[in-house]
Amino acid sequence: MQDDYRADVAVIGAGIMGTAIITRLIETGHKVSVFDLDAEKVAALEAKGARAASSVENAVSASEFCVLSLNHANIVRSVVFGKSGVAAAANADKLLIDMSSIDPAETAEMAARLREETGMAWVDCPLSGGVPGALGGRLTIMAGGSPEDFERARVVMKHLAANYTLMGASGAGQTTKLINQLFCAVLFQAVAEAVKLAEAGGVDPAAIPAALAGGRADNRIMQEFMAKFAARDFSPTGRIDNMLKDLDSLQAFALKTKTPLPMTGSVVEVHRLLCAAGLGPKDSAEMMRLLDGFQAD
C-alpha cells in the first residue's frame, strides 16, 4: 500500500487506552468507527471526528481493519463471536488487530477459529507505552501472526508505534507482553523501595535518576516514575488492577509451562494486597501507600 494510504478502522473499546488510540488514528487521517457501551465516551470521540457505530457488527461492516482495546479474554471472545459481533461482519478482506493484553493460548485459539469460520485474519498487537505513547505515535507493539498479516496491519500500526516487531505466530505477541509486564511490575516495586531507602538515608529520591543515568541500574521506569513516586503523585498513568490481571495471566502461563518465577510471585502478591486495600483502580504510584504504612494524606 502507498505510504499516504489511510484506512477505515473500527475500534472496539473506548477506555483510557482505546480513547488514546482512536484520537491518534483520527489525528493521522484515518476514518474511525467506534463502538463502546459507554455512550458518553463515544460522544466525546464523535466530537473529535469519529463515527459512532450502533453495534460491533456495524462498526466492522464499515471498516477494513478492526482494532480491539479490551480488558479481558472473555470480553474479547464475546465481542468477536457474540451476537452482532466481529464475526458477523467478518471476511477475508478484513483484518482484526487485537491490542488487548490477554492469554496467549486463548489468543491463538480464537485467531484460528475466526479464520476458519470467516476467513478474517487476526494479529495480536499488545502494547507498551501507555496513553502518552499512543497519543504521540511512540508505542512499543509486540505482534503475533503471519508475516503477511503483520505487514497488512502496518497501515494502522505505523501511526501508533515507534517500535513494531513480529515475535512469532499467533499468541507470540501476548507472550512477549507478559514478559514486558514482568519487567514493569518488578521495576515499579524496585522504584518504590528505592524511594523509601533514599528518603531514609536523607537523599532526595528525585535526584536519583540523573545520578544513575548511563549506569547499569539505569532504566526507563526509574527515569519516568521515580520523581512521581517520590512526590506521591497519584495522577493516573495505569491501573494497578490491570497490572494484576496481566500478572495473573503471567503466573498461569508460568504454571502451565512449569517456569519458576520467585521474584515475580512476590510482586504479584504486593499488587493483590493493593487491590484488596481498594487501590485497584488507582495508579501504580499508589504502592507508595503500602510502604508508607497506608498513612492518611
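If you're wondering where the values come from, they're calculated on a predicted model, not measured in any experiment. Only heavy atoms go into these numbers, but all of them, side chains included; no hydrogens, no water, no symmetry mates.
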Quick check against the 3.5 Å criterion: does [X] have a side-chain atom that pairs as donor or acceptor with the backbone of [Y]?
X	Y	value
Thr107	Gly171	no
Thr118	Met120	yes
Lys41	Gly15	no

Thr237 and Ser284: CA distance, side-chain angles, deciding distance, side-chain contact (heavy atoms from CB on, under 4.5 Å) verdict: CA-CA 8 Å; Thr237 58; Ser284 294; 5.7 Å; no
Non-neighbouring partners of [X] that pass salt bridge (charged side-chain N to carboxylate O under 4.0 Å, His left out), sequence neighbours left out:
X	answer
Glu269	Arg272
Asp241	Arg239
Asp149	Arg115, Arg152
Lys31	none

Donor + acceptor pair across side chains of Thr23, Lys48 (<3.5 Å): yes
My understanding is that only residues two or more places apart in sequence, or in another chain, count here; which of them pass side-chain hydrogen bond (donor to acceptor under 3.5 Å, both in side chains) with [X]?
X	result
Glu117	Arg113
Asn219	none
Asn242	none

Residue among Asp36, Val79, Ile75 satisfying side-chain contact (heavy atoms from CB on, under 4.5 Å) with Ile12: Val79
Sub-4.5 Å side-chain heavy-atom contact between [X] and [Y]:
X	Y	answer
Arg24	Arg138	no
Asp283	Lys228	yes
Thr259	Phe253	no
Leu291	Glu193	yes
Ile97	Met157	yes
Arg77	Glu109	yes
Ser33	Asp8	no
Val270	Leu274	yes

Separation of Thr176 OG1 from Gln181 CD (nearest 0.5 Å): 12.0 Å
Closest contact, heavy atoms only, Ser63 versus Lys94: O-NZ, 2.6 Å
By side chain to side chain contact (heavy atoms under 4.5 Å, CB included) - contacts of Ser84 (at least two apart): Ser55, Glu57
Set of side chain to side chain contact (heavy atoms under 4.5 Å, CB included) partners for Thr140, sequence neighbours left out: Ser128, Met142, Asn163
Shared hydrophobic cluster for Val67 and Leu166 (ILVMFWY, side-chain gaps under 4.5 Å): yes
Stepwise side-chain contact (heavy atoms from CB on, under 4.5 Å) test for Ile221 and Phe229: CA-CA 11 Å; Ile221 285 181; Phe229 279 32; over 6 Å; no
Whether Phe150 and Tyr164 hold their rings parallel, tilted or perpendicular, with breakpoints at 30° and 60°: parallel
All pairs passing ring pair (Phe, Tyr, Trp, His ring centres under 6.0 Å) where residues 8-52 contributes a residue, at least two apart: His30-His159
Exceeds 12 heavy-atom contacts within 6.0 angstrom, atom CZ of Arg154: yes
Anything under 3.5 Å between a donor and an acceptor, one on a side chain of residues 199-209, the other on a protein residue two or more places apart or in another chain? List them.
{"from": "Glu199", "atom 1": "OE1", "to": "Arg232", "atom 2": "NH2", "distance (Å)": "3.2"}
{"from": "Glu199", "atom 1": "OE2", "to": "Arg232", "atom 2": "NH1", "distance (Å)": "2.6"}
{"from": "Asp204", "atom 1": "OD1", "to": "Ala206", "atom 2": "N", "distance (Å)": "3.0"}

Qualifying residues under ring pair (Phe, Tyr, Trp, His ring centres under 6.0 Å), relative to His271, sequence neighbours excluded: none
